[in-house]
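Below: the structure, in structure tokens.
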Amino acid sequence: ISTIGWPDNIKEFEKWWPVIQFAGKDQVRQQVGMWQAMLMSSGLLLSKQIIIHGFLNFERQKMSKSLGNFITPQDVIERFGLDALRYFVTRDFNQFEDTDGSWGKLTESYNANLANGLGNLVSRIMKLVETYLPKPVVVKHPMLDKELVEFLDKFEIQKAANYIWEQIGNLDAEIQEKKPWESKDKEVIKDLVTELSQIGYNLSPFMPGTSEKILTAIKENKMPETLFPRKNGSTTLNINA
């Protein structure tokens with residue numbers, strides 16, 4: 001509250017307050033009860049909304065410096081990249097319940113959903129583009145999908161991410177059904193590119209770097225470098241998100 005100007009810069013403070021508040025599940029009493037009472041006693045508006053989130057555990061244990069069983073965001077970025085970390089947080093981690101993680105599960109999720117899922121889909125479509133389309137497909141993005149926005153407005157981030165991956169699965173199934181590498185039908189390929197473009201745009205709030213790479217590849221009419229190279233590692237299943 002002091003960061004946004006209270007009590008010395010009320011004009012700046014009122015640009016932001018009241019706010020949506022996030023707190024861990026162990027802070028419900030303090031944040032929902034005591035903090036709101038403190039605001040009332042100061043004559044300030046209460047929090048607009050309070051979002052309570054669960055814990056991130058590691059290999060079925062609470063993270064602890066003394067046990068040494070913790071991972072940092074930087075650890076994940078060094079191993080998988082920034083957008084992969086964003087993917088794990090938005091789709092593999094449950095926003096409202098506890099999530100149990102391990103390096104093995106992160107590796108399995110990365111390979112299945114990023115390397116083999118999204119990355120492979122982009123490669124397949126953009127290879128068709130390079131081979132059969134002499135000019136880029138011109139696409140416009142007036143807005144994010146309505147369903148996606150509705151999930152985000154309710155802070156159901158995991159459901160929003162699942163919505164995009166359902167689109168990815170549907171588009172992959174469409175390619176298998178239509179087999180454009182056999183028909184060489186340019187209109188079919190253009191439709192695939194248009195659908196991929198919307199997926200790329202929908203990804204922008206979640207994985208902005210990946211979104212930009214996909215949209216740039218479509219604009220330049222060529223296949224990008226591999227978005228998510230496969231990783232080796234343990235496949236022990238420890239995340240229940």
Side-chain angles (χ1 to χ4, degrees), residues 76-77 80-93 95 109-231:
V76 179
I77 291 171
F80 298 105
L82 177 57
D83 267 17
L85 171 63
R86 291 175 178 272
Y87 170 81
F88 297 143
V89 171
T90 55
R91 188 161 188 246
D92 283 346
F93 298 172
Q95 280 75 53
S109 179
Y110 173 95
N111 286 332
N113 300 306
L114 295 179
N116 294 346
L118 176 59
N120 185 56
L121 176 69
V122 173
S123 294
R124 295 179 73 187
I125 293 177
M126 296 313 298
K127 181 62 177 178
L128 291 167
V129 166
E130 274 193 337
T131 304
Y132 299 111
L133 298 185
K135 295 181 180 180
V137 178
V138 178
V139 292
K140 296 181 180 180
H141 307 106
M143 61 186 66
L144 299 173
D145 284 356
K146 178 183 177 182
E147 296 86 348
L148 188 66
V149 173
E150 289 175 350
F151 284 131
L152 293 176
D153 283 345
K154 294 184 289 186
F155 301 96
E156 294 179 330
I157 301 172
Q158 189 179 49
K159 289 184 179 180
N162 284 340
Y163 171 85
I164 297 175
W165 254 261
E166 183 178 358
Q167 289 183 313
I168 291 170
N170 290 340
L171 186 53
D172 194 51
E174 184 178 345
I175 296 173
Q176 289 299 109
E177 177 185 349
K178 294 183 177 178
K179 296 180 171 58
W181 58 90
E182 293 180 358
S183 67
K184 301 179 178 57
D185 189 323
K186 292 182 180 181
E187 293 305 315
V188 169
I189 297 173
K190 288 179 181 179
D191 288 342
L192 295 175
V193 174
T194 300
E195 292 182 63
L196 176 63
S197 179
Q198 186 61 38
I199 288 173
Y201 187 68
N202 284 340
L203 281 169
S204 58
F206 303 85
M207 302 169 67
T210 301
S211 171
E212 183 177 358
K213 289 177 181 177
I214 293 172
L215 298 178
T216 298
I218 292 172
K219 183 177 179 180
E220 295 178 351
N221 213 45
K222 66 179 183 179
M223 187 167 68
E225 294 183 4
T226 302
L227 295 179
F228 300 101
R230 285 186 58 84
K231 304 291 184 181

**Asked** Does the side chain to side chain contact (heavy atoms under 4.5 Å, CB included) test come out yes or no for Ile218 and Ile125, once each step is laid out?
**Response** CA-CA 10 Å; Ile218 292 172; Ile125 293 177; over 6 Å; no

Please check: side-chain N/O of [X] versus main-chain N/O of [Y], any donor-acceptor pairing under 3.5 Å?
X: Thr194; Y: Lys190; answer: yes
X: Ser211; Y: Gly200; answer: yes
X: Lys179; Y: Gln176; answer: yes
X: Gln158; Y: Thr90; answer: no
X: Asp172; Y: Ile168; answer: no
X: Asn202; Y: Asp145; answer: yes
X: Tyr110; Y: Pro229; answer: yes

Compare every heavy atom of [Y] with every heavy atom of [X], then report the nearest pair and how far apart it is.
X: Pro205; Y: Leu144; answer: CG-CD1, 3.8 Å
X: Ala160; Y: Leu152; answer: CB-CD2, 3.8 Å
X: Asn221; Y: Pro136; answer: OD1-CA, 3.3 Å
X: Glu156; Y: Gln95; answer: C-OE1, 4.5 Å
X: Pro224; Y: Ala217; answer: CD-CB, 3.7 Å

Does [X] reach the side chain of [Y], with side-chain heavy atoms less than 4.5 Å apart?
X: Arg124; Y: Pro180; answer: no
X: Val193; Y: Leu128; answer: no
X: Leu114; Y: Met207; answer: yes
X: Pro208; Y: Asp83; answer: yes
X: Asn113; Y: Leu118; answer: no

Please report the interatomic distance [atom1]([X]) to [atom2]([Y]), rounded to the nearest 0.5 Å.
X: Ile164; Y: Ile199; atom1: CD1; atom2: CD1; result: 8.5 Å
X: Leu196; Y: Asp191; atom1: CG; atom2: CG; result: 12.5 Å
X: Thr131; Y: Lys184; atom1: OG1; atom2: NZ; result: 10.0 Å
X: Asn120; Y: Thr226; atom1: CG; atom2: OG1; result: 10.0 Å
X: Leu215; Y: Thr210; atom1: CG; atom2: OG1; result: 10.5 Å

**Asked** Checking side chain to side chain contact (heavy atoms under 4.5 Å, CB included) against Lys222, which of Glu130, Lys127, Met126 comes through?
**Response** Glu130

**Request:** Taking atom CD of Glu212 as the centre, report whether more than 12 heavy atoms of other residues, nucleotides or ligands fall under 6.0 Å from it.
**Result:** no

**CD/Glu225: more than 12 non-hydrogen atoms of other groups inside 6.0 Å** = no

**Request:** Applying side chain to side chain contact (heavy atoms under 4.5 Å, CB included), run through Ile189 and Leu133 and close with a yes or a no.
**Result:** CA-CA 8 Å; Ile189 297 173; Leu133 298 185; 3.7 Å; yes

**Message:** Give me each pair satisfying ring-ring contact (aromatic ring centres under 6.0 Å, His included) with a member in residues 164-201, each pair once, sequence neighbours excluded.
**Reply:** Tyr87-Trp165, His141-Tyr201

**Request:** I would like to know whether Asp185 and Tyr132 meet side chain to side chain contact (heavy atoms under 4.5 Å, CB included); could you show each step before the answer?
**Result:** CA-CA 8 Å; Asp185 189 323; Tyr132 299 111; over 6 Å; no

**Item:** Qualifying residues under salt bridge (charged side-chain N to carboxylate O under 4.0 Å, His left out), relative to Lys135, sequence neighbours excluded
**Value:** none

**Request:** Fit a plane to each ring of Phe88 and Phe80, take the angle between them on a 0 to 90° scale, and name the class: parallel (under 30°), tilted (30 to 60°) or perpendicular (over 60°).
**Result:** perpendicular

**Fill in**
Sorted by chain and residue number, the side chain to side chain contact (heavy atoms under 4.5 Å, CB included) partners of Glu195 (sequence neighbours excluded) come out as Leu171, Glu174

**Request:** Begin with the C-alpha distance, continue with both residues' side-chain angles, and end with the deciding distance and a verdict on side chain to side chain contact (heavy atoms under 4.5 Å, CB included) for Met223 and Val129.
**Result:** CA-CA 8 Å; Met223 187 167 68; Val129 166; over 6 Å; no

